[in-house]
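Some notes on the structure that comes next.
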There are 2 protein chains.
Amino acid sequence: MKVTIIDVATHAGVSKATVSRVINKNPNVNEEIRQKVLHSIEELGYLPNAFAKNLAKNTSNVFGLILPDITNPYFPILARGIEDASHRLGYSLFIANTDNNPDIEQEYIDKFISQQVAGIILISSSLDELKVKKLSELSIPFVLCDRFIMDSPFDTVSIDNYKASYEVVKHLINKGHKDICHLSGPLNVQSANRRKQGYVDAIKENDLEPCILYGDFNFESGYQLMKTILEDKNPSAVFAGNDLIALGAMNAIQEAGLTVPEDISVIGCDDILFAQMSRPKLSSISIPAYQIGVTAVDMMVDRIKGVSTQPRNLVLEHKFIERES
Amino acid sequence: MKVTIIDVATHAGVSKATVSRVINKNPNVNEEIRQKVLHSIEELGYLPNAFAKNLAKNTSNVFGLILPDITNPYFPILARGIEDASHRLGYSLFIANTDNNPDIEQEYIDKFISQQVAGIILISSSLDELKVKKLSELSIPFVLCDRFIMDSPFDTVSIDNYKASYEVVKHLINKGHKDICHLSGPLNVQSANRRKQGYVDAIKENDLEPCILYGDFNFESGYQLMKTILEDKNPSAVFAGNDLIALGAMNAIQEAGLTVPEDISVIGCDDILFAQMSRPKLSSISIPAYQIGVTAVDMMVDRIKGVSTQPRNLVLEHKFIERES
DNA sequence: CTGAAAGCGCTAACAT
DNA sequence: ATGTTAGCGCTTTCAG
């Protein structure tokens, strides 16, 4: 049978209020009694029932994390940052995969609210004005990652994808590249959209010809898109929408008997584990995923504690890591 | 303000007991009233408070998942399987990273029990008889993944690492390889231990000379170990303890000016995403990580429902995927 | 088929 | 400094 606060109280010969005080480190407890209670707790192996506690306090120490797919290698790092920060601050973490399906996303939001989470960290690709409005009517804080929304009521953490992309393409141009292709992710994902725009602007400013192919943020897509390109083009550089696309593209290039970066430079974007492994061949825009996660939790806690009241849009610094000099 | 079951009851002009019945699909409710209640729920945007529900029922619909590190690419797939299955069955999922630290592991176990999880799925490297005994005294079911423990009171799901390893080494031998090295993970991790043993037995049975180096289950380790080997040996095949080690080894081999698999065959073990990408160069023992996750949850539910009472040790089938013929 | 009321384990006034 | 008690929101007998 489970041991409750009453068992402890009985065992220690005090009231449950006193036990509660000891548990919650309320200073108004006689040291002697305090020790006795602590001893009873130890003896009985008592663990407080979080349901009862949260119900009584009408709060919880759980965050919900909703993301597209934990098997997409960008997300474990983000998730790890979020989990570490949550744990450090005494929170537990729910996790949910949406596969970018808005219905499933909503389902999880409802589920988490039903579970009384203290806040939800959301990585969503389907977030329009309407949805944001609906969410803001829920009485629970959201922090949005990788998604900057103008005038939204929510805190957001992201990097400047436009700038990152613009800079890296500019850099390629300065190195003399004239035929630079872009393998983009789906445009309904904001990061893909911004990256594409940075590419386009940098290309146009230099009177070059844009060449964009669209796919998904995965290896297979990169492989297929690159194969398509190689059929009738011969670019000297490729800017991939993320690292998985970059790795897929590298495979296709090598399969075609060309080498990276001698024949074609490939630039990725994410700096995920396996892209790091391809060092020194693959240069990449390095996104501080872990830091984004930690920051998201920090913002959430500030919001919950009332430290911050206005929505903040934090933009973290990216880096460009050039692996071949 | 949050809307409770009483708000709904008032709105619909019934008692909260009736609302409760509607929510829980109790058939003993007049269809007309039922509709009225449903309508009120919709209208008010009511979401039941899981704390109150679980407190009243003394159950919960949450599982806890405790694993070493979600950024190790084997685990996201497992975690995804677990999350999918949990969600399908109406459970939420906590996630926790231990970095293989027994203290942190215990901390999370206590935390999750305090949170009243219905069960814990544990991937642990530090599980001796004593720990198992302590866990079994807790009034909560555990399912152990990738860890078979004789006579333990817990359900386990794993593959036969010994057999997988033995077979693959045998296979190499049959193909004529005589110098086969093994890059092992840490022996306190059971899977590493069993894989090593399978290697040793296959090698000895054929009067060959074992050659084993120990490291961690990561890329860097594989890279370093392989470099070390290449300094004074020239194996024709390498059996890596997992896919990260295999990828690291491949990098070292290629850096040394040799090619895979022409000069040296490399066999991995895990079949993680990035190893799949290295196709067709890297053959691998394919571990059904997703399926292990799903199975773990199924076993957990059977246990909770009382369908199964005796501890079961499920061994899932692995495959060998030969990428180069 | 529906309502009233007790109780799940804990917290937080309010008393003492 | 400690005990008493009224909830927190929901389920579940038990009556009717």
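Every chain is numbered from 1 and lettered A, B, ... according to where its sequence line falls, protein lines coming before strand lines. Model, not experiment: these values are computed from the prediction. When reading the values below, keep in mind they use all heavy atoms of this one structure, side chains included, and skip hydrogens, waters and symmetry mates.
What separates CD of A:Gln115 from C1' of D:dC8 is a distance of 17 Å, to the nearest Å. Distance CD1 (B:Ile23) to P (D:dG9): 13 Å, rounded to an integer number of Å. When rounded to the nearest whole Å, the span between CD1 of A:Ile6 and C1' of C:dC8 equals 10 Å. Rounded to whole Å, the distance from CG on B:Asn26 to P on D:dT12 is 10 Å. For B:Ile5 and D:dT12, the CD1 to P distance is 11 Å, given to the nearest whole Å. With rounding to whole Å, B:Asp7 atom CG is found 13 Å from D:dC8 atom C1'. Between the CG atom of A:Leu55 and the C1' atom of D:dC10 there is a distance of 8 Å, rounded to whole Å. Between the CG atom of B:Asn54 and the P atom of D:dT12 there is a distance of 11 Å, given to the nearest Å.
Among the protein residues, A:Asn24 comes within range of the sugar-phosphate backbone only, with heavy atoms under 4.0 Å from sugar or phosphate atoms but none that close to a base.
Five base pairs at each end of the helix from C:dC1-D:dG16 to C:dT16-D:dA1 define two local axes, and these are offset by 40° (rounded to 10°).
The shortest distance between the side-chain N/O atoms of A:Asn28 and the OP1/OP2 oxygens of D:dT2 is not below 4.0 Å. Between B:Asn58 and C:dC8 there is no side-chain polar atom (N or O) within less than 4.0 angstrom of OP1 or OP2.
Take A:Glu83 and apply the salt bridge (charged side-chain N to carboxylate O under 4.0 Å, His left out) test, not counting sequence neighbours, and it matches no residue. Residues that satisfy the ring pair (Phe, Tyr, Trp, His ring centres under 6.0 Å) test with A:His11, not counting sequence neighbours, are absent from this structure. Partners of A:Lys57 under the salt bridge (charged side-chain N to carboxylate O under 4.0 Å, His left out) rule, at least two apart in sequence or in another chain, do not exist in this structure. B:Phe154 pairs by the ring pair (Phe, Tyr, Trp, His ring centres under 6.0 Å) definition with B:Phe142, not counting sequence neighbours. Not counting sequence neighbours, A:Lys134 has no partner by the side-chain hydrogen bond (donor to acceptor under 3.5 Å, both in side chains) test. Residues meeting the salt bridge (charged side-chain N to carboxylate O under 4.0 Å, His left out) test with B:Asp302, sequence neighbours left out: B:Arg312.
A heavy-atom distance below 4.0 Å to DNA chain C is reached by these residues of residues 10-22 of chain A, ordered by number: A:Lys16, A:Ala17, A:Ser20, A:Arg21. Contacts with DNA chain C (heavy atom under 4.0 Å) in residues 31-49 of chain A: A:Tyr46, A:Pro48, A:Asn49, listed by number.
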Side-chain donor-acceptor pairs under 3.5 Å in residues 36-43 of chain B, sequence neighbours left out?
| residue | atom | partner | partner atom | Å |
| --- | --- | --- | --- | --- |
| B:Ser40 | OG | B:Lys36 | O | 3.2 |

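Identified under the ring-ring contact (aromatic ring centres under 6.0 Å, His included) test for residues 50-80 of chain A, with sequence neighbours left out: A:Phe51-B:Phe51, A:Phe63-A:Tyr91. Identified under the salt bridge (Lys or Arg N to Asp or Glu O under 4.0 Å) test for residues 24-33 of chain B, with sequence neighbours left out: B:Glu31-B:Arg34.
For A:Ser92 against B:Gln115, the heavy-atom pair with the smallest separation is OG-NE2, 2.7 Å.
Using modelled atom types, one finds a donor on one side chain and an acceptor on the other under 3.5 Å when comparing A:Tyr290 with A:Asp84.
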